[in-house]
Structure formats: structure tokens, C-alpha cells
Amino acid sequence: LFQLRERLSVEQGIPHISSYSFLPSPDLQAKHLASWKGCKWKDFRFDENEKVLFAPFIKNFNCGLGPKPYHLWQDVLPPYLEGLVTDRTTLLIWRVQTPEQESVLRLKFPEAVSLKELAGVFAKELNREVSLLASLSLVLVSLILWIFYRKDRIFLVTLIPFAWGFGLVYLAIAAGWLQLSFISLIALMVVFGFSIDYGVFSAEALQRNDDKDIWSVLFCSALSTGTGLIPLLFCDHPVLKDLAGTMVLGTLGTLGGTFFGVPSFYAWRSAR
């Protein structure tokens, strides 16, 4: 592997950086370490704070003979390289400059990926897992609500605030007003949680014909949520803007579904 890497660098002019690029040659290591041989740490008297500060260095340093130089073929590497080498697999970055170099590199190393592709892997995995878990959560919540109410009219009422809240956020993303990001997905999970609560409260009030105070309570709750999040819309940080935008729109949609969607649907189903 090392010979192939060096040949590609020389023949194709493809510079590279690997984790071993940060490991000096054995001769240079030996030269640097020679001055540390024969140190007498036991002769030093450290106070308690100095012991804590210098303990990791003293523990890893052999004061008798001094440490030996590391070699590329060793299984044990310096601690600062441990994060770059796992299971005999090392990080290697090729600085490709032309499409021809990229073709040669992919031919020799089919498993190589670009930094853009590597970043895309995280996005794909995130979307796949969030989609799977969100769908599973919705199914489980729906199943629990159906088992509890056993009436399709009341059961559907509990999902209306969530449908409105999610629908408004989806329309904003589709229109380009809101960006779908990791933080907006997290915010959607929060919207999912409290919108189901709004639906359950509304269903209970309608089922018991005791909705005298529930609407004012839910409106006050939504108003408090929106009041706390609206200031974040004026922040310059994109993460805070995505969080606030998703939460505010989700709250408005949930509020609309609670005050307009739920009564309208309940009255329509009751009239049938």
C-alpha cells in the first residue's frame, strides 16, 4: 500500500496526506528523544496541582531508557494518531487536482470517496434513520391512541393538530421559505410531541362535552411557546433560525388545527 501510494504520487503527481505524515522518521525521533534519556523525575518535587497537570506526561514517558521511536509497521502508534488509525485502516487524503487524476485514483482505490461524498453519507444516514424512526413513532402513537379511544372520530381528532403543524412546516420547506436541516428535524420531533398533546386535550374536551376552558388553556400555551421562540428568528446564526422557524410554524399550524380543524372535523363527523 505504501509503495503504491508513493508511486501514484510520483508518477501521477497526486500529492497526499495520511495519518503517517505526522509521524517523523525513526532517525529524527531518535534524535529528539536522545535529550530526554536519563531524566530523573523522582528528583523533582511536585505540588498537588503540578501532579495533576503533568501526570499524563510523566506516566507515558519511560524515564529509565526513554521511549523508542515509532515505526509505520508497528501495531502501537503514538496517542495523537489513535483517532486517525483504526483496525489497521488509516486516514489518507489525496489532493486530486484534475479529473484524470481522480479517474486513476478511483481505478486503484475503488473504495475511495471524496469529502463531498463523505459528507453526503452522513446526510443520507440521517435522513434514513429519522424517516424510519419518525414513521415508527407515528405508527406506535396512532396505535396507542386507537387502543385507548376505540372510536375513529375521536382517534382522528387527536391527529389533526399534528397534521396541520407538520403540513405548514412542509409547505414552508417546499416553498423555499424554510431550510430542511438536522436542527429542523429535531424541532419537528418536538412539534410532533406537543401537537399530539393538543389533539388529546381537544379530543377529551369534545368527548366529555366540557370544552369551556380547554381552548383558552391551549391558546395560552401556544402563545407562550411562540413568544419564547419568535426572538430567535432575528438571530444571525442559521441553526437558531432553523430551530425557531420550524418551531414557530409548527406551533402556528398546531394552533390552527386545534381551533379550526378539530371543531370542524368533529362537527362534520357528528352530523353524519
Side-chain angles (χ1 to χ4, degrees), residues 116-149 152 154-206 214-215 217-266:
K116 182 178 181 180
E117 293 171 341
L118 193 60
V121 170
F122 172 77
K124 291 179 181 179
E125 288 295 321
L126 177 65
N127 291 334
R128 183 182 65 83
E129 293 185 1
V130 168
S131 300
L132 177 61
L133 294 177
S135 302
L136 182 60
S137 298
L138 182 59
V139 170
L140 291 177
V141 169
S142 300
L143 181 61
I144 293 173
L145 293 174
W146 172 255
I147 293 175
F148 183 79
Y149 288 107
D152 60 341
I154 302 299
F155 162 69
L156 292 175
V157 162
T158 61
L159 298 179
I160 289 177
F162 164 70
W164 279 54
F166 178 82
L168 185 59
V169 173
Y170 178 80
L171 289 176
I173 294 175
W177 301 334
L178 187 66
Q179 182 179 2
L180 180 62
S181 62
F182 174 75
I183 196 65
S184 62
L185 291 175
I186 299 299
L188 272 177
M189 295 180 185
V190 178
V191 172
F192 170 71
F194 71 71
S195 62
I196 294 296
D197 291 340
Y198 278 45
V200 171
F201 295 149
S202 303
E204 286 293 321
L206 293 174
I214 189 64
W215 307 117
V217 171
L218 292 179
F219 178 78
C220 182
S221 176
L223 182 62
S224 300
T225 302
T227 302
L229 292 170
I230 287 178
L232 296 180
L233 292 173
F234 301 97
C235 295
D236 294 329
H237 201 290
V239 171
L240 296 178
K241 282 189 174 181
D242 288 345
L243 173 64
T246 305
M247 289 290 295
V248 169
L249 290 177
T251 302
L252 290 176
T254 298
L255 193 62
T258 302
F259 279 83
F260 301 102
V262 168
S264 300
F265 177 81
Y266 191 81

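- Taken to the nearest 0.5 Å, the CD atom of E204 stands 8.5 Å off from the CD1 atom of I154.
- Side-chain contact check for T254 versus F162: every heavy-atom pair is 4.5 Å or farther apart.
- Between the CG atom of L252 and the CH2 atom of W164 there is a distance of 12.0 Å, given to the nearest 0.5 Å.
- Looking at L132 and L136, their side chains never come closer than 4.5 Å, going by heavy atoms from C-beta outward.
- When all heavy atoms of G245 and L233 are compared, the pair lying nearest together is N-CD2, 3.5 Å.
- Considering CG of D242 and SG of C235, their distance stands at 11.5 Å, rounded to 0.5 Å.
- Between P161 and S195, the shortest heavy-atom contact is CB-O, 3.5 Å.
- Here the CG atom belonging to L218 is positioned 8.5 Å from the CG atom belonging to L255, to the nearest 0.5 angstrom.
- Closest approach of A187 and M247 over heavy atoms only: O-SD, 3.7 Å.
- At a threshold of 4.5 Å between non-hydrogen side-chain atoms, the residues Q179 and I173 do not count as touching.
- When the options I186, T251, I183, L178 are evaluated for a side-chain contact (heavy atoms from CB on, under 4.5 Å) with T246, the one that passes is L178.
- Side-chain contact between I196 and T158 is absent, with no heavy-atom pair separated by less than 4.5 Å.
- Heavy atoms only, all atoms of each residue included: G253 and L168 are closest at N-CD2, 3.6 Å.
- Counting all heavy atoms, side chain and backbone alike, S221 lies closest to Y198 at OG-OH, 3.1 Å.
- Only one option out of F265, Y149, W146 pairs with F155 in a ring-ring contact (aromatic ring centres under 6.0 Å, His included); it is W146.
- Residue F219 holds its CZ atom at 9.5 Å from OG of S224, rounded to the nearest 0.5 Å.
- Taking the centre of each ring, F166 and F192 stay at or above the 6.0 Å mark.
- Contact detail for V262 and S202: the closest heavy-atom pair is CG1-CB, 4.0 Å.
- In this structure, the side chains of L145 and V200 come closer than 4.5 Å at one or more pairs of heavy atoms.
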